[in-house]
Engineer: 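First, the structure itself, so that you have it in front of you.
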Number of protein chains: 2
Amino acid sequence: MTPDVPEPAPSRPVGRPPRPGLPAGSGLTSSRARRGPRSGGDTVTGRVFSILEVFDHDHTALTLTEIARAAALPVSTAHRLVGELAGWGALERGGDGAYRIGLRLWEVGSLAPRSIGLRERAMPFLEDLYEATRQNVQLAVRDGHEGVYVERLAHPDAVRLLSRVGGRWPLHGTGVGQVLLAFAPPVVQESVLASTLTSFTARTITDPAVLRRTLAGIRRDGVAVCDGMIDLASLSVAAPVRGEADAVVAAISVVVPSPSTPGGIEPRTLVPAVRAAARGISRALGAPTPTRTQRAVRPEVPRPSS
Amino acid sequence: MTPDVPEPAPSRPVGRPPRPGLPAGSGLTSSRARRGPRSGGDTVTGRVFSILEVFDHDHTALTLTEIARAAALPVSTAHRLVGELAGWGALERGGDGAYRIGLRLWEVGSLAPRSIGLRERAMPFLEDLYEATRQNVQLAVRDGHEGVYVERLAHPDAVRLLSRVGGRWPLHGTGVGQVLLAFAPPVVQESVLASTLTSFTARTITDPAVLRRTLAGIRRDGVAVCDGMIDLASLSVAAPVRGEADAVVAAISVVVPSPSTPGGIEPRTLVPAVRAAARGISRALGAPTPTRTQRAVRPEVPRPSS
DNA sequence: CCTTTGCTTCCGGTGGACGGAAGCCAGCCT
DNA sequence: AGGCTGGCTTCCGTCCACCGGAAGCAAAGG
């Protein structure tokens, strides 16, 4: 079996089409023949996916009719498919009749190398980082034009974050996102730079030229400091995590209260810790040279893998 | 939207059929008509699932032919389905041509209330517990006759565990498992007690009578101490986590070196911490009464029968 | 009582899934 | 080179499983 190197995965085209905002009414898509070019449901698997896509963080429990409506499927069809999904365990039906994502689906999902494989090796370092700062620590990978948060440790008293495990954010607005973008293939960078950079706060970078300069700075320093770009009260310090081929496969960050707020923290103090953790994870992932700055970073004895 | 109460989920029948151990040869299942009663693949979704089921912890990257063989599907069929899966992001194709579970699937999977919903609220307590012990901390739920590990914090220097996030273990052999079993519906308990209790070490409970007594003890004490039942070198202390309806929805445990080994730890010292953490999580989940204390067994107010 | 809303079952028509076969490409052996 | 193997992809005719309207149920509400 080939080793589980989390790789760039050049597979599907970047950027999924945004979910068609729940048409609500219009139960008129009938008669197989008349079925127009629907988004993603002209094949059975497509319909199944359109059902799964209906669930998100704000909709974790849905009734059959809600699913049918949101997926633009006739109720009877949805009924059958949902039944099959539930039979396998991809969905679970609660006592209230509502369907939720099932444990079985979570199980196979957790086999994704880009989540668990990465997560497992990163955890020890994230924990150290967490303990040192007692704030928010995050781990994210890139998928298309977005950063996907794979892991997060959050102190209950730390700054409240808008991100969540399993959530997505545009690359240009977050610390991890900027890092991932800075080291993404040129095509992706240009594509993002050419797109409209949505603004979240007054400090969000929306000027492509500024962003371009920022990315260059990140590449130079190996660290990103992102103050109040998504939430004025919080500041994040992020660094790249490299994999086997020395490619950047992930990014980690620490999020603390912005120094412009009471109790805020000066980012400078965090940089070394974040950098060190990122380097540690990279080493654990098998990245080649641990950067040439640090001398004599003797690789630790490889643990006997299970 | 109904609240995400992680509930027993009486949906699918307990215990999935074990994977049919990769038939290897026999590419003879041809001619749609002759297709005999195959395990789970007479419907499109069934075939899709049989593909997903091919992946497990020891097989996270598979080529098309491997998938086809393992799922007992003709290559061309597998090719089409796998293509659709990859197109959506349920699978990802690496540069080496092998398929892996995709990030997108992980994303929807992470919406499972029994994993993330639970995990999110439990994390802070698990972290405290982890920090207090600097050993292994685990969170698990029950699915059929098995415990599924939902989260785990492990110190690199702690005892090596056999369990993994996303992994399964029979209920009778582990600390969390015994807790989950002790509070499972009677049907499940009897079913497990009636089945063959596979032995992992010399100390694994294999006698139904002993197990029954152990479970009663766990119900009485609200804690399980499980020494060397799955690995002679490790001991686990586990406690139940209760949800809204006061039902046990999960279990947590701390795993430390067994006192019978050098550097072993006396379980007694851990019990209060584990119990406290479990109670904390229960409270965060909305469990009603924080359990009656050890002494002063004052009969609590009769719960409103749901 | 009737109405509404949501879930489940049924069943005939048909279009999409199916999979054998053939074409391709790389690697390997002789 | 030439042949061979093993894996991946494309093609296309057959046929059956999927589809979804319709009808039947059950519960909630007026």
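Each chain gets a letter, A, B and so on, in the order the sequences are listed, and its residues count up from 1. No hydrogens, no waters, no symmetry mates; every other heavy atom, side chains included, goes into these values.
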Engineer: Are any of A:Thr43's side-chain N or O atoms less than 4.0 Å away from OP1 or OP2 of C:dA17?
Structural biologist: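 Result: yes.
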Engineer: Please tabulate the protein-to-nucleotide N/O contacts below 3.5 Å involving nucleotides 5-7 of chain D, giving atom names and distances.
Structural biologist:
unit_1: D:dG7; atom_1: O3'; unit_2: B:Thr65; atom_2: OG1; d: 3.3

Engineer: Under 4.0 Å between a side-chain nitrogen and a carboxylate oxygen: does that hold for A:Arg168 and B:Glu107?
Structural biologist: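 Answer for the salt bridge query: yes.
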Engineer: Which of the following nucleotides, C:dC18, D:dG20, C:dT8, is nearest to the side chain of B:Thr77?
Structural biologist: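 From the listed options, C:dC18 comes nearest.
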Engineer: Using whole Å, report how far CG of A:Leu81 lies from C1' of C:dG16.
Structural biologist: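 The answer, rounded to whole Å, is 14 Å.
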Engineer: Does the pair A:Glu151/A:Arg164 count as a salt bridge with the N-to-O cut at 4.0 Å?
Structural biologist: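 A salt bridge is absent here (no side-chain N lies under 4.0 Å from a carboxylate O).
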Engineer: Around A:Arg219, counting heavy atoms of other residues, nucleotides and ligands shown, do more than 12 lie under 6.0 Å from its CZ?
Structural biologist: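 Enclosed.
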Engineer: Does a nitrogen or oxygen in the side chain of A:Arg80 sit under 4.0 Å from OP1 or OP2 of C:dC11?
Structural biologist: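 No, A:Arg80 has no side-chain N/O under 4.0 Å of OP1/OP2 on C:dC11.
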Engineer: Provide the closest heavy-atom pair for A:Arg114 versus A:Val150 in the form atom of the first, atom of the second, distance.
Structural biologist: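 In this case the closest contact between A:Arg114 and A:Val150 is O-CG2, 3.9 Å.
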Engineer: Suppose the criterion is side chain to side chain donor-acceptor pair (under 3.5 Å): which pairs have a residue in residues 71-83 of chain A, not counting sequence neighbours?
Structural biologist: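 Qualifying pairs, neighbours excluded: none.
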Engineer: Could you check how far NE2 of A:His79 sits from P of D:dG24, rounded to whole Å?
Structural biologist: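 Taking NE2 of A:His79 and P of D:dG24, I get 17 Å after rounding.
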Engineer: Whole Å only: how far is the CG atom of B:Asp96 from the C1' atom of C:dA26?
Structural biologist: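 Value for this atom pair: 15 Å.
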Engineer: For A:Asp42 and C:dG15, what is the distance between atoms CG and P respectively, to the nearest whole Å?
Structural biologist: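 Going from A:Asp42 (CG) to C:dG15 (P), I get 13 Å.
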Engineer: For A:Tyr99 and C:dG6, what is the distance between atoms OH and P respectively, to the nearest whole Å?
Structural biologist: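 That distance rounds to 15 Å.
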Engineer: Which heavy atom in B:Tyr99 sits nearest to a heavy atom in B:Phe55, and how many Å separate them?
Structural biologist: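 Residues B:Tyr99 and B:Phe55, closest heavy atoms: O-CE2, 3.3 Å.
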Engineer: To the nearest angstrom, how far is B:Ile51 atom CD1 from C:dA17 atom C1'?
Structural biologist: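 The answer, rounded to whole Å, is 13 Å.
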Engineer: Closest to the B:Ser76 side chain: C:dT9, C:dA21, D:dC19?
Structural biologist: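 Closest of the options to the side chain of B:Ser76: C:dA21.
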Engineer: I'd like to know if A:Arg104 pairs up with B:Glu53 as an ion pair, taking the criterion as any Lys NZ or Arg NE/NH1/NH2 lying under 4.0 Å from an Asp or Glu carboxylate oxygen.
Structural biologist: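 Salt bridge between A:Arg104 and B:Glu53, a charged N being under 4.0 Å from a carboxylate O: yes.
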Engineer: C:dA17 C1' sits how many Å from A:Arg47 CZ, rounded?
Structural biologist: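 From A:Arg47 CZ to C:dA17 C1': 12 Å.
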